[in-house]
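What you see is a predicted model, and the numbers here were worked out from it, not measured in a lab. Order of the sequence lines sets the chain letters (A, B, ...), proteins ahead of strands, with each chain counted from 1.
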Amino acid sequence: MRKSKTDKEEQQQKSQAKEEEKEENKWKWWEEEHYEDGVKWRFLEHKGPLFAPEYEPLTDNVRFHYNGQPMKLSANAEEVATFFGKMLDHEYTTNAIFRANFFTDWREVMTSAERKLITNLNKCDFQEIHTYFTEKTEAKRVQSKEVKQDLKMEQEAIAQEYGYCTMDGHRERIANYKIEPPGLFRGRGSHPKMGKLKNRIQPEDVIINCSRDSKIPVPPTGHNWKEVRFDNKVTWLASWTENVQGAMKYIMLNPSSKLKGEKDWQKFEIARRLKGCVDDIRAKYSADLKSREMKSRQRAVALYFIDKLALRAGNEKEEGETADTVGCCSLRVEHIKLHNKLNGQACVVEFDFLGKDSIRYYNKVLVKKQVFKNLKHFMQNKDPSDDVFDRLNTHNLNKHLQELMEGLTAKVFRTYNASITLQHQLEQLTDSEGSEAEKLLSYNRANRAVAVLCNHQRTAPKSFDQSMKKIQAKIEAKKEQIDLTKSELKSAKMYHKVKKDKKSKLVVEKKKKMVQKLEEQLTKLEVQATDREENKQIALGTSKLNYLDPRITVAWCKKYDVPIEKVYNKTQREKFAWAIDMTEEDFVF
DNA sequence: AAACAGACTTGGAATAATTTTG
DNA sequence: CAAAATTATTCCAAGTCTGTTT
């Protein structure tokens, strides 16, 4: 027993050392030249994607019931039934659209006999299926450490085989080497297609992309690829078309790869170029607010919103195919209220619309008089469902931006404003005298300001209130402890005054130190509580990962002596390896 | 110029792994 | 030590934007 434990520890140490060693000779692609425009790689070799495991039919003791009667379903119908059964405690399964779409698609995979019998979803009982899968998950959860370890090793072996490719002489990690398993489509918001069946993808659906002179991936036995192509102007390794929306899906590299990293770096460089000319662009669109041409005036107002409020461009979407969401260019009259006066402020625009992922954007904004005037004009004599910017779309907006600065599109404003906000906030909020915890709070607050700007929201964790109470209780307990220790210190001092010996002095010192330590712990807790409370409905992840130039963060860490691990976890450090390696303390976005 | 296809980034939720707590 | 809480990772949907076709 004991021996095996030390073995394990040794093993762990070894693998850790190995990882560190790997760290040493990591490829610094950012120190190399990059390719001519359009060429993404010279050599690409990979194993092809990993397909979802085959369906395992249910044993006879797990029964589906129709109209109270147990019923054995055909393999196909049963598989789709399990998709629904697994989700039984999810709100989706009570949604009328979800149910209707599911039922239609389910009936299509049924045998004609089944289809004839099963005509009403309300008469279907998936409870046993649900229980079966819940128990299965639970059984998996409680299995022994050894079994879990073995399973993990197996997964790791598969990842080693399928999860990497060779690109131009380097082993690069693949982000999603697994083909998406079949299941029920879960759209966000009120999506007209939610509940539809997402088909199982076969090799015959998959296009492989690699080098002509590489080892071409071998399709699973008895199967063929849809196509094998050798296109080095694209970054994907495999692709297929998904049946619910008809959208293409791709297998691509991990964010830590050169291909992704270089693009990411370039994105921030474009945003920095915008910084150089944003004043001119602002002057231009401010002037355009008064243009004779309607189109220019609409474009100017839209740009004003995109810049000031970090709204998304807002492409037009096919009606009825997706949830009804909008961005700037697709705003409708019903999404905007104009207030000549609101709470003592003149010219207030009230936004209320569903944006990407059906996240609500609600904001009351004080705007320039001319913007207000224009909006009033644009919205005159229109129905609520009419477009505010009827002469504008993302295409001609971006075309205009392209003329103002090479590479400029609407989304660059989001990147620019996000990053510059972080930089300013960090300057403003960080106290170089503060503790590490306080500095981190400042960082999170700066990050939060960006998330608020970009409207990155999350549903509050369901145990949020409880967890808040808990941390408050901890704080109270700590305070009590401090009071107690303080009074102990006081009496120790008194005792020392009388005794005046070494031993009693030592006690005083000890108590002093203890009070200090406890007070540090207290502030740390308080800071933690504040941070958590402020973060209740804010999602920091997206801005951190996609909008904030990592060099700002790295420079801040260096300047204030905060270890990078405190702000970036392992994945984030891998993604931003280029920034961590190249950034000095004096970097300015 | 509008519609469509394609490729790539961005997004929150779900799930898994890890850490803390009782 | 197990359960609960927290954090990291995975998942895959939903955007942006470009290029091509009609």
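Within residues 233-255 of chain A, the residues that have a heavy atom under 4.0 Å from DNA chain C are, in order of number, A:Q245, A:K249. Residues from residues 447-475 of chain A placing a heavy atom under 4.0 Å of any atom in DNA chain C, listed by number, are A:Q466, A:S467, A:K470. The stretch residues 540-553 of chain A comes close to DNA chain B through A:T542, A:N546, A:Y547, each having a heavy atom under 4.0 Å from the strand. Contacts between residues 526-536 of chain A and DNA chain C, counted as heavy-atom distances below 4.0 Å, involve A:R532.
Two residues, A:S358 and A:E180, neighbour DNA chain C, and the one matched to the more 5' nucleotide by heavy-atom proximity is A:E180. Along DNA chain B, the nucleotide nearest to A:D231 and the one nearest to A:T137 differ in position, and the one closer to the 5' end is contacted by A:D231. Nearer the 5' end of DNA chain C, as judged by each residue's closest nucleotide, is the contact made by A:A175, out of A:A175 and A:T394.
Backbone-only engagement by A:G314 is indicated by non-hydrogen atom pairs under 4.0 Å involving sugar-phosphate atoms exclusively. Counting non-hydrogen atoms under 4.0 angstrom, A:R312 reaches the backbone sugars and phosphates but no base. Among the atoms of the strands shown, only primed sugar atoms or phosphate atoms (P, OP1, OP2) are found under 4.0 Å from some heavy atom of A:A410. Using a 4.0 Å heavy-atom cutoff across all strands shown, A:K356 reaches at least one base atom of the nucleic acid.
Between A:R188 atom CZ and C:dA13 atom C1' the separation is 4 Å, expressed in whole Å. Put simply, CZ on A:F413 is 15 Å from C1' on C:dC17, counting in whole angstrom units. In this structure, the CG atom of A:L50 is 15 Å from the C1' atom of C:dC11, given to the nearest Å. In this structure, A:E574 atom CD and C:dT9 atom C1' are separated by 11 Å, rounded to whole Å.
Close to C:dT7, at under 4.0 Å from its OP1 or OP2, lies no side-chain N or O of A:K570. Distances shorter than 4.0 Å separate some side-chain N or O of A:N569 from OP1 or OP2 on C:dT9.
There is a side-chain donor-acceptor pair under 3.5 Å between A:Y35 and A:D168. For the residue pair A:N535 / A:R448, a side-chain donor-acceptor distance below 3.5 Å is found, with atom types taken as modelled.
Bracketed by its first and final contacts, the part of DNA chain B lying under 4.0 Å from non-hydrogen atoms of chain A reaches from B:dG6 to B:dG22 in 5' to 3' order.
Using a 30° and 60° split on the angle between ring planes, A:Y568 and A:F576 fall in the tilted class, from 30° to 60°.
Residues A:R532 and A:S467 come closest through the heavy atom pair NH1-OG, 2.9 Å. Here the closest heavy-atom approach between residue A:L397 and residue A:A410 is recorded as CD2-CB, 4.3 Å.
For A:H335, the side-chain contact (heavy atoms from CB on, under 4.5 Å) partners at least two apart in sequence or on another chain are A:V326, A:L331, A:R332, A:F353. For the ring pair (Phe, Tyr, Trp, His ring centres under 6.0 Å) test, residues two or more places apart in sequence or in another chain that qualify with A:W265 are A:W578. Residues passing the salt bridge (Lys or Arg N to Asp or Glu O under 4.0 Å) test with A:E227 are A:R229, sequence neighbours excluded. Partners of A:R99 by salt bridge (Lys or Arg N to Asp or Glu O under 4.0 Å), not counting sequence neighbours: none found. Looking at residues two or more places apart in sequence or on another chain, you find a side-chain contact (heavy atoms from CB on, under 4.5 Å) between A:K479 and A:I475, A:E476, A:L522, A:E526.
Seen from the ring of A:F133, A:K86 counts as a face-on cation partner, given the 6.0 Å and 45° thresholds. A cation-pi arrangement is found for A:R171 relative to A:Y164, the charged atom lying closer than 6.0 Å to the ring centre and inside a 45° cone about the ring normal.
Between C:dG15, C:dT16, C:dT9, one nucleotide has an atom nearer to the side chain of A:T571 than all others, and that is C:dT9.
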Listing, residues 194-209 of chain A side-chain donor-acceptor contacts under 3.5 Å, not counting sequence neighbours, or none:
| from | atom 1 | to | atom 2 | distance (Å) |
| --- | --- | --- | --- | --- |
| A:K196 | NZ | A:D105 | OD1 | 3.4 |
| A:K196 | NZ | A:D105 | OD2 | 3.4 |
| A:K198 | NZ | A:E180 | OE1 | 3.0 |
| A:R200 | NH1 | A:P53 | O | 3.1 |
| A:R200 | NH2 | A:E79 | OE2 | 2.9 |
| A:E204 | OE1 | A:H223 | ND1 | 3.0 |
| A:E204 | OE2 | A:H223 | ND1 | 3.2 |
| A:E204 | OE2 | A:N224 | N | 2.9 |
| A:D205 | OD2 | A:Q202 | N | 2.7 |
| A:N209 | OD1 | A:D231 | N | 2.8 |
| A:N209 | ND2 | A:D231 | O | 3.0 |
| A:N209 | ND2 | A:W236 | O | 3.1 |

Output a table of nitrogen or oxygen pairs between the protein and nucleotides 18-22 of chain C separated by less than 3.5 Å.
none

